[in-house]
Undergrad: 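Pasting in a structure now, in structure tokens, and then I'll have a few things to ask.
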Amino acid sequence: MPDALPHLFPPIQPRNSGMLAVDDIHTIYWEEVGNPNGIPVVFFHGGPGAGMSPQHRRFFNPDHYRVILFDQRGAGKSTPLGEVRNNTTQILIEDIERLRTLFGIDKWLVFGGSWGSTLALAYGQAHPERCLGFVLRGIFLCTQKEIDWFLQGSEWFHPEVYDEFVAPIPVEERGNLLQAYVKRIMDPNPDVHWPAVRAWSKFEGRRVFLLPQPDEPPSDTLDLGVGRMESHYMANLGFFSDGQLLSNVSRIAHLPAVIVQGRYDVICPPVSAWRLQQAWGANAVMKMIPDAGHGAMEQGISRALVSATEQFRQQGRFA
């Protein structure tokens with residue numbers, strides 16, 4: 001079959017991969033791709049809980065980049081899947097530093113989309129001295145307004161999807177959908193939590209792309225990772241104070257960044273990307289994609305991401 005995204009770099013296998021025990025509960029899966037002497041870059045997947053994909057390796061020229069990818073706690077091939085204990089943003093940042101030390105990297109380019117952009121900002125603000133720059137997509141600042149929009153705003157654009165999502169919740173609990181879903185998703189009884197994580201994952205998945213896509217078959221790994229991790233992090237406001245990531249942009253505003261945002265992104269609406277760029281200032285370049293939603297693999301977004309990594313390797317900045 002022809003490659004649906006020929007502008008991406010060809011599929012590539014990791015040079016190395018492994019598991020890193022980060023505490024008594026969690027072990028995270030990692031991959032190293034590309035040129036061992038290339039520009040170091042770390043890739044943060046979305047969700048939280050979505051895990052990484054082989055497609056994510058293809059944003060980077062393997063002759064020029066040394067790419068470190070990993071599944072965050074509770075996601076993908078990391079174990080245990082869906083585990084919320086010892087799982088906070090601050091702990092994820094510690095894991096990232098463990099990986100950087102493991103690979104002997106001094107500084108790296110930070111690449112993240114959706115929740116990955118959240119984690120990229122949090123990591124950068126905690127360790128600006130370890131960052132070369134940022135490639136960010138589908139900005140999510142993890143504010144209460146954004147979380148409320150994620151759950152309630154869909155009713156305005158996808159009423160049939162929203163109605164399906166709220167249908168399993170008794171009317172008297174619908175005033176706080178997040179709490180209602182957390183209660184079910186975290187229930188130890190599989191007969192309770194599996195329908196809830198399936199519904200949560202489907203609710204998000206059907207709104208990712210601008211144009212309708214065929215429904216993906218259920219995936220135990222994706223559904224449990226996304227359902228558990230997203231509801232856990234949203235219920236805790238990402239373990240930030242409200243507005244923290246925007247307030248602390250000054251810590252990284254001296255570094256180059258590109259912000260790739262779908263104009264019709266209903267998961268992470270463009271206002272967050274706009275406010276981030278305005279707070280960042282001249283070193284942040286906005287790429288508003290006029291015919292895209294939230295998906296990293298939409299044509300306009302994926303082209304912009306490849307263009308960004310190519311610009312950075314050639315010039316050390318973005319235009």
Side-chain angles (χ1 to χ4, degrees), residues 25-26 29 45-53 71-88 92 114-116 118 138 140 142 144 146-209 212-239 265-268 293-297:
I25 298 174
H26 293 272
Y29 172 74
H45 66 69
M52 58 182 172
S53 157
D71 287 326
Q72 297 156 30
R73 294 185 182 215
K77 296 180 181 178
S78 293
T79 60
L81 178 65
E83 178 57 69
V84 299
R85 292 176 298 165
N86 292 4
N87 204 327
T88 69
L92 296 184
S114 193
W115 161 258
T118 319
F140 181 56
C142 212
Q144 190 63 58
E146 289 168 299
I147 293 168
D148 291 344
W149 170 266
F150 177 85
L151 291 164
Q152 303 286 353
S154 60
E155 183 178 14
W156 292 90
F157 286 90
H158 298 88
E160 73 285 8
V161 176
Y162 177 80
D163 284 354
E164 184 177 324
F165 181 61
V166 302
I169 306 300
V171 173
E172 61 271 17
E173 294 186 56
R174 293 181 187 175
N176 191 333
L177 278 175
L178 180 55
Q179 181 180 15
Y181 262 96
V182 167
K183 180 173 72 173
R184 290 160 175 80
I185 285 171
M186 302 303 173
D187 194 296
N189 184 347
D191 292 337
V192 176
H193 68 242
W194 275 113
V197 298
R198 300 274 194 227
W200 182 286
S201 182
K202 186 177 182 181
F203 175 62
E204 178 173 0
R206 292 176 68 189
R207 297 178 292 146
V208 168
F209 292 92
Q213 304 291 312
D215 283 343
E216 294 288 338
S219 163
D220 289 355
T221 300
L222 180 64
D223 294 347
L224 188 64
V226 165
R228 282 266 172 89
M229 293 303 106
E230 285 190 356
S231 60
H232 167 64
Y233 274 79
M234 287 185 183
N236 289 283
L237 203 66
F239 301 91
D265 187 338
V266 296
I267 303 288
C268 299
H294 184 68
M297 296 303 168

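The model shown is predicted, which means the values in this text are computed figures rather than measured ones. All values below come from the heavy atoms of this structure, side chains included, with hydrogens, waters and symmetry mates left out.
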Undergrad: For residues Met186 and Ser231, report the shortest heavy-atom separation together with the two atoms involved.
TA: CE-OG, 3.7 Å
Undergrad: Report yes if the side chains of His232 and Phe239 come closer than 4.5 Å at any heavy-atom pair, otherwise no.
TA: yes
Undergrad: Going through the checks in order, is the side chain to side chain contact (heavy atoms under 4.5 Å, CB included) test met by Arg198 and Asp220?
TA: CA-CA 8 Å; Arg198 300 274 194 227; Asp220 289 355; 2.6 Å; yes
Undergrad: Quick one: closest heavy-atom pair of Leu151 and Tyr162, and the distance?
TA: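 Looking at all heavy atoms of both residues, the closest pair is O-CE1, 3.4 Å.
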Undergrad: Going through the distances and angles, do Leu92 and Asn87 end up as a side chain to side chain contact (heavy atoms under 4.5 Å, CB included)?
TA: CA-CA 7 Å; Leu92 296 184; Asn87 204 327; 4.0 Å; yes
Undergrad: Calculate, to the nearest 0.5 Å, the distance between atoms CE and CH2 belonging to Met229 and Trp200 respectively.
TA: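 If I round to the nearest 0.5 Å, the distance is 12.0 Å.
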Undergrad: Please tell me if the side chains of Arg207 and Phe157 come closer than 4.5 Å, counting only heavy atoms from C-beta onward.
TA: no
Undergrad: Work out which heavy atom in Asp71 is nearest to a heavy atom in Ser78; give both atom names and the distance.
TA: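 Shortest heavy-atom separation between Asp71 and Ser78 comes out as O-OG, 2.7 Å.
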Undergrad: Between Glu83 and Arg228, does at least one N-O distance fall below 4.0 Å, as a salt bridge requires?
TA: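 Looking at Glu83 and Arg228, the cut-off is not met.
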Undergrad: What about Phe203 and His158, are their ring centers closer than 6.0 Å?
TA: no
Undergrad: Mind listing the closest non-hydrogen atom pair of Asp187 and Asn189 along with its distance?
TA: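 Reported closest heavy-atom pair: OD1-N, 2.8 Å.
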Undergrad: To the nearest 0.5 Å, how far apart are OG in Ser201 and CG in Leu222?
TA: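 These two atoms lie 4.5 Å from each other.
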Undergrad: Using a distance-only test with no angle check, is there a side-chain donor-acceptor pair under 3.5 angstrom linking Asp148 and Gln144?
TA: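 There is such a pair between these side chains.
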Undergrad: Please walk me through it: do Val166 and Leu177 pass side chain to side chain contact (heavy atoms under 4.5 Å, CB included)?
TA: CA-CA 8 Å; Val166 302; Leu177 278 175; 3.6 Å; yes
Undergrad: For Cys268 and Asp265, work out which heavy atoms get closest and say how close.
TA: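 Nearest heavy atoms, Cys268 then Asp265: N-OD1, 2.8 Å.
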Undergrad: Rounded to the nearest 0.5 Å, what's the gap from CD1 on Ile147 to CG on Leu237? Could you check?
TA: 5.0 Å
Undergrad: May I have the step-by-step check of side chain to side chain contact (heavy atoms under 4.5 Å, CB included) for Thr118 and Tyr233, ending in yes or no?
TA: CA-CA 11 Å; Thr118 319; Tyr233 274 79; over 6 Å; no
Undergrad: With no hydrogens and no angle check, do the side chains of Trp115 and Gln72 hold a donor and an acceptor under 3.5 Å apart?
TA: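 Side chains of Trp115 and Gln72: pair found under 3.5 Å.
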Undergrad: Are the side chains of Asp191 and Trp194 in contact, using a 4.5 Å heavy-atom criterion?
TA: no
Undergrad: Do any N or O atoms from the side chain of His193 and from the backbone of Ile185 form a donor-acceptor pair under 3.5 angstrom?
TA: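 A pair under 3.5 Å: no.
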Undergrad: I'd like to know if the side chain of Arg73 and the backbone of Asn86 have a donor-acceptor N/O pair within less than 3.5 Å.
TA: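 Side chain of Arg73 to backbone of Asn86, a donor-acceptor pair under 3.5 Å: yes, one is there.
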Undergrad: Taking all atoms of both residues into account, what is the closest heavy-atom pair of Trp149 and Ile267, and its distance?
TA: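 Distance-wise, the nearest heavy atoms are CD1-O, 4.1 Å.
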Undergrad: Hey, are Glu216 and Lys202 close enough for a salt bridge, meaning a charged N less than 4.0 Å from a carboxylate O?
TA: no
Undergrad: Do Thr221 and Leu81 have side-chain heavy atoms sitting under 4.5 Å apart?
TA: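 In contact.
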Undergrad: Side chains of Thr79 and His26: donor-acceptor distance under 3.5 Å anywhere?
TA: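 Side-chain D/A pair, Thr79 to His26: absent.
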Undergrad: When you compare the side chain of Val266 with that of Ser154, does any pair of heavy atoms fall below 4.5 Å?
TA: no
Undergrad: Answer yes or no: is there a side-chain heavy-atom contact under 4.5 Å between Met52 and Lys77?
TA: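 No, too far: nothing below the 4.5 Å cut-off.
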Undergrad: Which residue pairs pass the side-chain hydrogen bond (donor to acceptor under 3.5 Å, both in side chains) test when at least one of the two sits in residues 167-186, sequence neighbours left out?
TA: Glu173-Lys183, Glu173-Arg184, Asn176-Gln179
